[in-house]
Number of protein chains: 2
Amino acid sequence: ISANHIKLPNTATEADCIASLNGDPAVHGFIVQLPLDSDKPINTEKITNAVAPEKDVDGLSSINAGKLSRGDLGDCFIPCTPKGCMELIRQTGKEVGKADILVVAAGKAEMVKGEWIKPGAIVIDCGINHVPGAWVMYKAWGCVYLYINAVANDIEISQSCIPKPIDQVAREVGLFPDEVELYGQTKAKVHLSALERLKSQPDGKYIVVTGITPTPLGEGKSTTTVGLVQALGAHLHQNVFACVRQPSQGPTFGIKGGAAGGGYCQVIPMDEFNLHLTGDIHAITAANNLVAAAVDARIFHELTQTDQALYSRLVPSVNGVRKFSDIQIRRLQKLGINKTDPATLTKEEVNFFVRLDIDPSTITWQRVLDTNDRFLRKITIGQSPTEKGFSRTAQFDITVSSEIMAVLALSDGLDDMKKRLGRMVVASSKRGEPVTADDLGVTGALAVLMKDAVKPNLMQTLEGTPVFVHAGPFANIAHGNSSVLADKIALKLVGKEGFVVTEAGFGADIGMEKFFNIKCRYSGLRPHVVVLVATVRALKMHGGGPAVTAGVPLPKEYMEENLQLLAKGCSNLNKQIQNARMFGVPVVVAVNAFKTDTKAELALVVQLAKEAGAFDAVECTHWAEGGKGAVALAQAVQRASQTPSNFRFLYNLELPVIDKIRLIAKQIYGASDIELLPEAQEKVAMYTKQGFGNLPICMAKTHLSLSHDPEQKGAPTGFILPIRDIRASVGAGFLYPLVGTMSTMPGLPTRPCFYDIDLDTASGEVKGLF
Amino acid sequence: ISANHIKLPNTATEADCIASLNGDPAVHGFIVQLPLDSDKPINTEKITNAVAPEKDVDGLSSINAGKLSRGDLGDCFIPCTPKGCMELIRQTGKEVGKADILVVAAGKAEMVKGEWIKPGAIVIDCGINHVPGAWVMYKAWGCVYLYINAVANDIEISQSCIPKPIDQVAREVGLFPDEVELYGQTKAKVHLSALERLKSQPDGKYIVVTGITPTPLGEGKSTTTVGLVQALGAHLHQNVFACVRQPSQGPTFGIKGGAAGGGYCQVIPMDEFNLHLTGDIHAITAANNLVAAAVDARIFHELTQTDQALYSRLVPSVNGVRKFSDIQIRRLQKLGINKTDPATLTKEEVNFFVRLDIDPSTITWQRVLDTNDRFLRKITIGQSPTEKGFSRTAQFDITVSSEIMAVLALSDGLDDMKKRLGRMVVASSKRGEPVTADDLGVTGALAVLMKDAVKPNLMQTLEGTPVFVHAGPFANIAHGNSSVLADKIALKLVGKEGFVVTEAGFGADIGMEKFFNIKCRYSGLRPHVVVLVATVRALKMHGGGPAVTAGVPLPKEYMEENLQLLAKGCSNLNKQIQNARMFGVPVVVAVNAFKTDTKAELALVVQLAKEAGAFDAVECTHWAEGGKGAVALAQAVQRASQTPSNFRFLYNLELPVIDKIRLIAKQIYGASDIELLPEAQEKVAMYTKQGFGNLPICMAKTHLSLSHDPEQKGAPTGFILPIRDIRASVGAGFLYPLVGTMSTMPGLPTRPCFYDIDLDTASGEVKGLF
């Protein structure tokens, strides 16, 4: 310990940190932060035992929820950041920062100015996990759990339960007050600084929930995700986080209804969850449509102006000075023009610079709305006289299908998100080069619009366990998984012995395959267990049962015992178990029981699942009972997470595009081969030439069959998978082959859900959401 | 005081309330709420003086920011609501609610169950203003004010100032913790329950800021609004609220830049103010477009189905039972069909019920986006094969022009908003009857989407005075004023001696006229003072100076002294002063000084304004100096607010539509008459027939001239005002005659603002907003 700033080695432990301070005669004393009231006894003991008795201990004992109180123990404090320190000074009026010694978070030492410490004081820059406050991460959270009352439908169940104030949930899971932004009483955004603070903590166990090939009614993946965390948390008292996708608001008013889980396994309040939440999807609508408006406006301005007129407008003289903006310098560099003075560009360089020269027939960027509006599926735009006849055909998609949603889910931080946003390709130029958001000059504006959306949203389940709700990319054309950032923060917060349960959209052939090959590849996270949800209903359908259609009563095959159909349909379960095992991860099958299922039926599924190689298979009744009904599942997951996982990807990125697609089709779907239609062949050539051939593959295939044909149930083999076309989400970072036609804009039926949705204006309660 | 529940008469005072408790032998003691730390001495004294010494005083002394601490004084508490009580129990672990006596807010007594009180305890339901906590409303707030540092441009000024935590601002102005929903650290939504709590409080002084006819650059109305409240608050220490409109996000990325005021008079943080805020505009986009999607989907379903098919879908059999939803019963009643059993409708009644029979050529409801997207000004929708050829021409407008924004601004509460949403007319049927949102079945869903948007947003100025930011209807076609609810809550919070400064869009001929005749008519509020903002620049333009154009350097007439042009141009100032005086309200002219203005010029404007009948006229330098530069203005406003105001409307609603339009044109604009073009004549007949003839008038006229011709400066007379067409915003509650063509969708220029906007991903700071 020499001068003002000291950096301990990253391998140092908390004990090392305190020992080195104990041993230094220059250290007069300690200020130590104890972030949680509930942890006071433990921390105080640890610190008072560790600190040498001759040292002066100075500061405050307790911070929570933005309010300080003087403690009677310890009397010690470490501000994590200068901001935290300033907040203390503001609240207490005491200059606690003016201390003899200040232990700060890793890398923050340079931010600690003289104003925080006495002249000549010592600042120790220890690894963030060596701050004693971080000790609490491994202990059980000591959550308050909520009790379930039996009532009627989903929104009534949700409303019957009074949620804990969300700042309490945040405190319980070890978040610091300045890492949390409240959005009312039941939702909060969590700062990415929490990830930075906890970066040296080991991760918890990472569990992904997926399913067999479903019926159109869904087989209860979200419900099982919530049920599993309620069981692990409220019943087995493990630290556990659920990470789920934010549902699309538009379909809530169409056919679909809400998506907060169901029965006694819900994210609450379900109306907040299903509606605006904290505005992330709205931010995506705004960002997406700014790009779209910029594309058409740019084409219009290029068509109606000379090079010189464009140049003098793009680089205007302001108070007699012409200057490129930062984003224009980037474009010049991309064009190979290493100049910074606008006066020095040649005529040809000006031409290159001002003309993106977008080929309108190649525009892949569409406008979006979070509304089920079928009349916007195909439209003609630009028909006002002000657009001088430059009209073209376009379309609106549902917002969750925007590439920006896929970017949000895969981003690793603010900087990574901004880079991905800038890389997004909107069209090709007439010379065949990709035109990006950065070329349009819009990257910074997109990052500004998305700066809050990038923070995960904290909510809770019906039984009071924490949930991150963050991102919800459209599984039809994107990866359909919640955000990397939510998973990462949750894995740190639960600690080494804790669990993070994340959900992958659709069946295991789609959501799980993309979870592994795309999401885990980008995040670097490795899963410990796959939970595969199956229902007797869906398995009977796969065994040859009659069609299951939304809104139509179920045929009798599904209401009565039928072991033959069921046994036959387990071919699909078997194949999906193999699919998961192909990645080297143990599989626990959750048989989501309905009241019409018989004992023999449930037992048969459990037996066949085990025979197919599942680590375990368990009957679950969480829909009707909450976490209690998933305790056996939770225990199976705990056991499975102790077994060695040997995770591997299905393909290397360096393989040619066609080979990657073929590998997925043959290995995961059971196809004998693939067939590329002409448009797809052209795109393979184009994307490879443009340098995008090494991206992972995100198949856009029906979720209702392992094959491309929704009618083919069970585990079909021997089919040729047709690839109609290929698109690229370069910013998000994948190519998506289109197998058949994907609808990207739902419509409103004759009698939409909204007929039943109402607001009680006296109580403010929402009625009729389900 | 007899049984468990006691209701004091509404005329009872606080002293009565305590006296009656003192006199009752059944009362063992008091629990009294002291909501604000800062008020402890005052309240404690009042209470300890008033309460009989033999009474037991029980409870806690202080609540703030969701954290309680035991007090050493008073030791007394009244929970306002059962929820507040529960919160106390949760936080303290002490069952404070289990008291001998519980004094609750008016009308809440029935909500207090046995669980809150000891068996046999007494509950007193006193008028809400008699709760001792409400005493604090009249005292000076004791705000903390922020100090200004001199720096460069608007966003740097905004970022140089560290805002107070918004929960502190809320406490300072007397809001209770459970009336405030935090949205991060710098924004909060305020519950409408605050208005209910304070309903018997007298209102403060109500000041409206308007302007002369502006140049296209604007004359600083927002800046003056903020400067005036900074002066009244931070310099004269009055209780004062600014109520401003939320700016449209789309144009922030186009030409316009931000709208938070400017210089040293801003709402901060200006990036939060200009971007998503708390999502109100996004909620409007969602609600507006749900209506639009419902219109087209309904037309489509009616065109492709028989009456019977429609009926069996609209009233489906669920578990064998067919039932009308509430909103369908309303439609039946509107149609004069008093039946509730779906089986009993005749064929003709079914036909009436299922067919809205919308005439597509009469659809006035457009889709909206908060994006400058010129290519959506005129589009063709419904061109996908799934819509079977039923395409039509449509358009997107900017979101702030949605009728739902006008509804939000004029609503008096949740119930009033829902009723207005249901009344919105989207088209006519082929029989010429208005088709409403309620007919579409969408009212409840709209109310649900708007339930949070209806709560005003609390922010602060650069000098730390409170601001409500709420609603921002497009002044071109709507009334252009911020919300009635924000004004009403602010008027209660400032107390009898305080001030609420609200801004009206455009010049006095438009924004102020609509403020009086529409907003004040619906709100019942009566203004005390008009502040009329004038600049030397605009007055010279009115005197015949050369055109002022955005982005082009100002001609020399505006940079040098020119008393002739200025004197001539004061004709406009004179006319706008007369316009304000016509409503019986005193006018204070704020001469917003620029650095190029000479002393003689400024003196001349002040002199001519006073000669024209202004109560006072004052030179202001708030842009450069903050509130300090508007102290003289603030003092003039204080004096003016003491004079008797004799407010009157310009017209009675019962007058024929044409007469109301003519009155505005002649009295306010100076026209000699109006001329109704054929479309307008038809609409007058139609709306009168449909029963909308008694609505107030909301003129859609250029703001750049008192006449309809933007080139006519000064105070033109003798012109005939042409009325091209008339539209109706029935839900918001006005007819809007179109004088000329109004653009409702801005575009992106060749070099939009977004080229300069960026996010520093390390600090999270927004760059380049202005």
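Order of the sequence lines sets the chain letters (A, B, ...), proteins ahead of strands, with each chain counted from 1. Worth saying up front: this structure is predicted, and the values here are computed from it rather than measured.
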Need one label for Ala294(B): side chain, backbone, both or neither, based on atoms under 4.5 Å from any heavy atom in chain A. both

Heavy-atom distances under 4.5 Å only: say whether Asp452(A) touches chain B with side chain, backbone, both or neither. side chain

Please look at Val180(B) and chain A and tell me whether the side chain, the backbone, both or neither of the residue comes under 4.5 angstrom of a heavy atom of that chain. backbone

Point-to-point distance, once rounded to the nearest 0.5 Å, from CG of Leu376(A) to OG of Ser384(B): 11.0 Å

Scored by heavy-atom pairs under 4.5 Å with chain B, the best of Gly279(A), Gly747(A), Ala283(A) is Ala283(A)

Are any non-hydrogen side-chain atoms of Asn289(A) and Asp373(B) less than 4.5 angstrom apart? no

Can you tell which part of Leu182(B) gets under 4.5 Å to a heavy atom of chain A, answering side chain, backbone, both or neither? both

Relative to chain A, which of Ala286(B), Ser743(B), Pro749(B) shows the most heavy atom pairs under 4.5 Å? Pro749(B)

State, with a plain yes or no, whether a side-chain heavy atom of Leu414(B) is found less than 4.5 Å away from one of Leu759(A). yes

For the candidates Val315(A), Val354(A), Asp370(A), Thr380(A), which exhibits the highest count of non-hydrogen atom pairs separated by less than 4.5 Å from chain B? Thr380(A)

Looking at Asp760(B), I'd like to know if its CG atom is crowded, meaning that more than 12 non-hydrogen atoms belonging to other residues, nucleotides or ligands lie closer than 6.0 Å. yes

Can you find a heavy atom in the side chain of Leu369(B) that is under 4.5 Å from one in the side chain of Leu369(A)? yes

State, with a plain yes or no, whether a side-chain heavy atom of Leu449(B) is found less than 4.5 Å away from one of His276(A). yes

If you look at every heavy atom in Gly441(A) and Phe754(B), which pair is closest and at what distance? O-CD1, 3.2 Å

Counting C-beta onward and ignoring hydrogens, is there a side-chain heavy-atom pair between Leu314(B) and Tyr755(A) closer than 4.5 Å? yes

Report the C-alpha separation of Lys187(B) and Glu181(A) in whole Å, then their side-chain angles, then the decisive distance to 0.1 Å, and conclude whether the salt bridge (Lys or Arg N to Asp or Glu O under 4.0 Å) test is met. CA-CA 10 Å; Lys187(B) 302 170 289 184; Glu181(A) 279 177 17; over 6 Å; no

Which distance, rounded to the nearest 0.5 Å, do you find between the CG of Asp758(A) and the OG of Ser325(B)? 9.0 Å

Got a second to check how far Thr761(B)'s OG1 is from Lys451(A)'s NZ, nearest 0.5 Å? 13.5 Å

Any side-chain heavy-atom pair of Lys378(A) and Ile381(B) under 4.5 Å: no

Between Asp416(B) and chain A, with a heavy-atom cut-off of 4.5 Å, which part of the residue counts as in contact: side chain, backbone, both or neither? neither

Straight-line distance of Arg298(A) CZ to Leu748(B) CG, nearest 0.5 Å: 11.5 Å

Can you tell me which of Ile327(B), Leu446(B), Leu290(B) forms the most heavy-atom pairs within a distance under 4.5 Å of chain A? Leu290(B)

Quick one: does Phe375(A)'s side chain get under 4.5 Å of Arg367(B)'s, heavy atoms only? yes

Is it true that Gln383(B) and Thr393(A) share a donor-acceptor pair across their side chains at a distance under 3.5 Å? no

Taking the side chain as everything from C-beta on, heavy atoms only, tell me whether Lys767(A) gets closer than 4.5 Å to Val448(B). no

Strictly by modelled atom types, are Thr386(A) and Arg377(B) linked by a side-chain donor-acceptor pair under 3.5 Å? yes

Quick one: pull up NE2 in His301(A) and OG1 in Thr750(B) and give me the separation to the nearest 0.5 Å. 4.0 Å

Please rank Met745(B), Gln395(B), Gln305(B), Arg392(B) by heavy-atom pairs under 4.5 Å with chain A and give me the top one. Gln305(B)

One option among Thr285(A), Asp296(A), Thr371(A) has the most heavy-atom pairs under 4.5 Å with chain B, and it is Asp296(A)

Mind ranking Arg374(A), Gln328(A), Lys189(A), Glu302(A) by heavy-atom pairs under 4.5 Å with chain B and telling me who comes out on top? Arg374(A)

Before giving the answer on side-chain contact (heavy atoms from CB on, under 4.5 Å), spell out for Arg751(B) and Leu310(A) the whole-Å C-alpha distance, their side-chain angles and the decisive distance to 0.1 Å. CA-CA 9 Å; Arg751(B) 187 189 194 284; Leu310(A) 283 169; over 6 Å; no

Out of curiosity, Ile379(A) CD1 to Glu387(B) CD, how far, rounded to the nearest 0.5 Å? 12.0 Å

